[in-house]
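I have placed the structure first, in the form of structure tokens, so that the comments after it can refer back to it.
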Amino acid sequence: MYDVIIIGAGPAGVTAGLYTKRANLKVLIIYKEPSGLEKADRIENYYGFENGISGEELYKTGIQQAKNLNIEIKREEVTNIQIEEDKVYKVITENETYHTKTVIFATGNKRNTPKIKGIKEFEGRGVSYCAVCDGFFYKNKDIAVLGNGNYAIAETNELIHIANHITILTDGEKAPEIRADNVSIDTRKIREVRGSNKIEEIDFEDNSKMKTDGIFVALGVAGSSEFAKKLGIITNKDKIVVNENMETNVPGVYACGDCTGGLLQISKSVYEGTKAGLQAIKYLKKDNEKV
Ligand SMILES: Cc1cc2nc3c(=O)[nH]c(=O)nc-3n(C[C@H](O)[C@H](O)[C@H](O)COP(=O)(O)OP(=O)(O)OC[C@H]3O[C@@H](n4cnc5c(N)ncnc54)[C@H](O)[C@@H]3O)c2cc1C
């Protein structure tokens, strides 16, 4: 059982890791890819570097700093998070399931809304972003999952025992590996999704069509808004809503950095990572005092 699991290894996640680890907590940082920071050619607006620093160097130094403190770091994709029991969270990756008392989201600024005509219009009317939350509404229906990565497979697995049939729509991308009697894969490029009150049909670029009762969007890597929905965390558009202490509305769950919106800058990520870390420490200390 971890005290703290941090999702994301950018400046927000690593900073939260430094504070929580130095408070003697059992900390795990899980990340899928290097921070977006790695792509920054030159950072010249962050304190302490007289000639600036490359984003890659700053990112790698941060990771090394965390490793030097013996923070456990794993490179895995988080595909699901669940509340296991009172005050314990289950963080599920493509390889493992981890248990933790607190979760800190430091997942960065990523949008997973596809640019397919009609998707936005039918959100909540047949277009869903969360299999655990909405799967039940599609009992014995024919539905589609949009995506082709680990996250799409995880969402499909949530739906396999609920839906009649699931078509994984890759929208022209490579087919994922998944085998189940009621799952098929369709690699056609999508032109638009259509319907009247709710979604009814998918039109493809080659002028063919497919009837559907619903679409679950699971593109790329699950981001903060997808996780938030699974845990009942309040969001504003695709950003996690936090108070001044980086607390979400769910006890023991925090968010920091670009995933909370506002200024998308390193300095703000470091500040919020600090706050989230300190708040998690406070929460765990209070919990221990009650025992
Ligand atoms: C090209 C470029 C130039 C920039 N220049 C500057 C600049 O000059 N000055 C400045 O202050 N800022 C700059 N920025 C912005 C800065 O990089 C960000 O504000 C900062 O990196 C945000 O930190 P973060 O920790 O919130 O998120 P990120 O650094 O984006 O890290 C997010 C982490 O979450 C992980 N993650 C997300 N989802 C999952 C999942 N499902 N499973 C596992 N891991 C997951 C990612 O793999 C990543 O490790 C620039 C950004 C870019 C892209």
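Residues satisfying the side-chain contact (heavy atoms from CB on, under 4.5 Å) criterion with F137, sequence neighbours excluded, are D134. Take N207 and apply the side-chain contact (heavy atoms from CB on, under 4.5 Å) test, not counting sequence neighbours, and it matches R191. Applying the salt bridge (Lys or Arg N to Asp or Glu O under 4.0 Å) criterion to K275, with sequence neighbours excluded, gives no partner residue.
Using a 4.0 Å cut-off between charged side-chain N and carboxylate O, K74 and E72 make a salt bridge. The residues K32 and E77 are annotated as salt-bridged, a charged nitrogen and a carboxylate oxygen being separated by less than 4.0 angstrom. Salt bridge status for K230 with E155: present, with a side-chain N to carboxylate O gap under 4.0 Å. Look at E272 and K268 and you find a salt bridge, because one of the NZ, NE, NH1 or NH2 atoms lies within 4.0 Å of a carboxylate O, short of that distance.
For residues 35-46, the side chain to side chain donor-acceptor pair (under 3.5 Å) pairs, not counting sequence neighbours, are N45-Q265. Within the structure, the disulfide bond (SG atoms under 2.5 Å apart) test picks out no pair touching residues 18-57 (sequence neighbours left out). Sorted by first and then second residue, the pairs that involve residues 216-241 and meet ring-ring contact (aromatic ring centres under 6.0 Å, His included), not counting sequence neighbours, are F105-F227, Y138-F216.
The shortest distance between side-chain heavy atoms of L231 and Y89 falls below 4.5 Å. Counting heavy atoms from C-beta on, the side chains of F204 and D186 come closer than 4.5 Å. Looking at D3 and T102, their side chains never come closer than 4.5 Å, going by heavy atoms from C-beta outward. With contacts defined as side-chain heavy-atom distances shorter than 4.5 Å, the pair L284/I281 does not qualify. The closest side-chain heavy-atom distance from I215 to I143 is not below 4.5 Å. When side chains are defined from C-beta on, T187 does not count as touching N148, because their heavy atoms never get closer than 4.5 Å. Residues Y151 and E94 form no side-chain contact, since every pair of their non-hydrogen atoms from C-beta on lies 4.5 Å or further apart. Annotation: side chain of I266 is in contact with side chain of L37 (closest heavy-atom distance under 4.5 Å).
Interatomic distance, I202 CD1 to R188 CZ, rounded to the nearest 0.5 Å: 8.5 Å. The CD1 atom of I43 sits 10.5 Å away from atom OG of S267, with the distance rounded to the nearest 0.5 Å. Taken to the nearest 0.5 Å, the CG atom of D258 stands 5.0 Å off from the CG atom of N109. In this structure, the separation between NZ on K90 and CD1 on I5 is 12.5 Å, given to the nearest 0.5 Å.
More than 12 heavy atoms of other residues, nucleotides or ligands shown are found within 6.0 angstrom of CG on N140. Residue Y271 qualifies as open at atom OH: its count of foreign heavy atoms under 6.0 Å is 12 or below. More than 12 heavy atoms of other shown residues, nucleotides or ligands fall within 6.0 angstrom of atom NZ in K209.
The minimum heavy-atom distance between E33 and Y31, with the atom names listed, is O-CD1, 3.0 Å. Here the shortest heavy-atom pairing between A255 and T248 reads N-CG2, 4.3 Å. Of all the heavy atoms in G273 and T15, the pair that sits closest is C-CG2, 4.1 Å. The nearest pair of heavy atoms linking T107 to S224 is OG1-CB, 3.2 Å. The two atoms that bring Y254 and A276 nearest to each other are CB-CB, 4.1 Å, heavy atoms only. Shortest non-hydrogen contact noted between C130 and K229 is CB-CB, 4.2 Å.
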Side chain to side chain contact (heavy atoms under 4.5 Å, CB included) between M246 and Q279, intermediate numbers included: CA-CA 8 Å; M246 303 302 120; Q279 205 57 34; 5.8 Å; no

Pair D238-T235, side chain to side chain contact (heavy atoms under 4.5 Å, CB included): steps then yes or no: CA-CA 6 Å; D238 60 335; T235 55; over 6 Å; no

Trace of the side chain to side chain contact (heavy atoms under 4.5 Å, CB included) decision for K117 with R194: CA-CA 8 Å; K117 200 174 159 201; R194 298 197 294 120; over 6 Å; no

Test log, rule side-chain hydrogen bond (donor to acceptor under 3.5 Å, both in side chains), inputs N95 and T93: CA-CA 5 Å; N95 304 330; T93 72; 5.0 Å; no

Full working for side chain to side chain contact (heavy atoms under 4.5 Å, CB included) between V91 and T100: CA-CA 8 Å; V91 176; T100 180; 4.0 Å; yes

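Follow the hydrophobic side-chain contacts under 4.5 Å out from I104 and you never reach I240; the two are in separate clusters. Cluster annotation: I81 and V250 are assigned to the same hydrophobic cluster (Ile/Leu/Val/Met/Phe/Trp/Tyr, side-chain heavy-atom contacts under 4.5 Å, transitive). Linking Ile, Leu, Val, Met, Phe, Trp and Tyr whenever their side-chain heavy atoms come within less than 4.5 Å puts V103 and Y2 in one cluster. Criterion: ILVMFWY side-chain heavy atoms under 4.5 Å apart, direct or through other members. Under it, V132 and V253 are not part of a common hydrophobic cluster. In the hydrophobic clustering of this structure, V127 groups with M210; members are Ile, Leu, Val, Met, Phe, Trp, Tyr whose side-chain heavy atoms approach within less than 4.5 Å, directly or through other members.
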Donor-acceptor contacts, no H, no angles, side chain residues 19-30, under 3.5 Å, sequence neighbours left out:
residue: T20; atom: OG1; partner: A16; partner atom: O; Å: 2.8
residue: T20; atom: OG1; partner: G17; partner atom: O; Å: 3.2
residue: K21; atom: NZ; partner: N70; partner atom: O; Å: 3.4

Between side-chain atoms of residues 60-67 and protein atoms elsewhere (two or more places apart, or another chain), which donor-acceptor pairs fall under 3.5 Å?
residue: K60; atom: NZ; partner: E56; partner atom: OE2; Å: 2.7
residue: T61; atom: OG1; partner: E57; partner atom: O; Å: 2.6
residue: Q64; atom: NE2; partner: N68; partner atom: OD1; Å: 2.9

Report, one line per pair, each donor and acceptor closer than 3.5 Å where one atom sits in a side chain of residues 156-166; sequence neighbours left out.
residue: T156; atom: OG1; partner: A152; partner atom: O; Å: 2.7
residue: N157; atom: ND2; partner: I153; partner atom: O; Å: 3.3
residue: E158; atom: OE2; partner: N80; partner atom: ND2; Å: 3.0
residue: N164; atom: ND2; partner: D142; partner atom: OD1; Å: 2.7
residue: H165; atom: NE2; partner: S184; partner atom: OG; Å: 3.3

Identify all side-chain donor-acceptor contacts of residues 167-178 below 3.5 Å with residues at least two apart in sequence or on another chain.
residue: T170; atom: OG1; partner: E173; partner atom: N; Å: 3.3
residue: T170; atom: OG1; partner: E173; partner atom: O; Å: 2.7
residue: D171; atom: OD1; partner: I190; partner atom: N; Å: 2.7

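M1 shares a hydrophobic cluster with V88; the chain of contacts runs through ILVMFWY side chains whose heavy atoms sit under 4.5 Å apart. Grouped by direct or indirect side-chain proximity (heavy atoms under 4.5 Å, Ile/Leu/Val/Met/Phe/Trp/Tyr only), V241 sits with I234.
A donor-acceptor pair is defined here as one N or O able to donate and one able to accept, closer than 3.5 Å; such a pair exists between the side chain of N243 and the backbone of N245.
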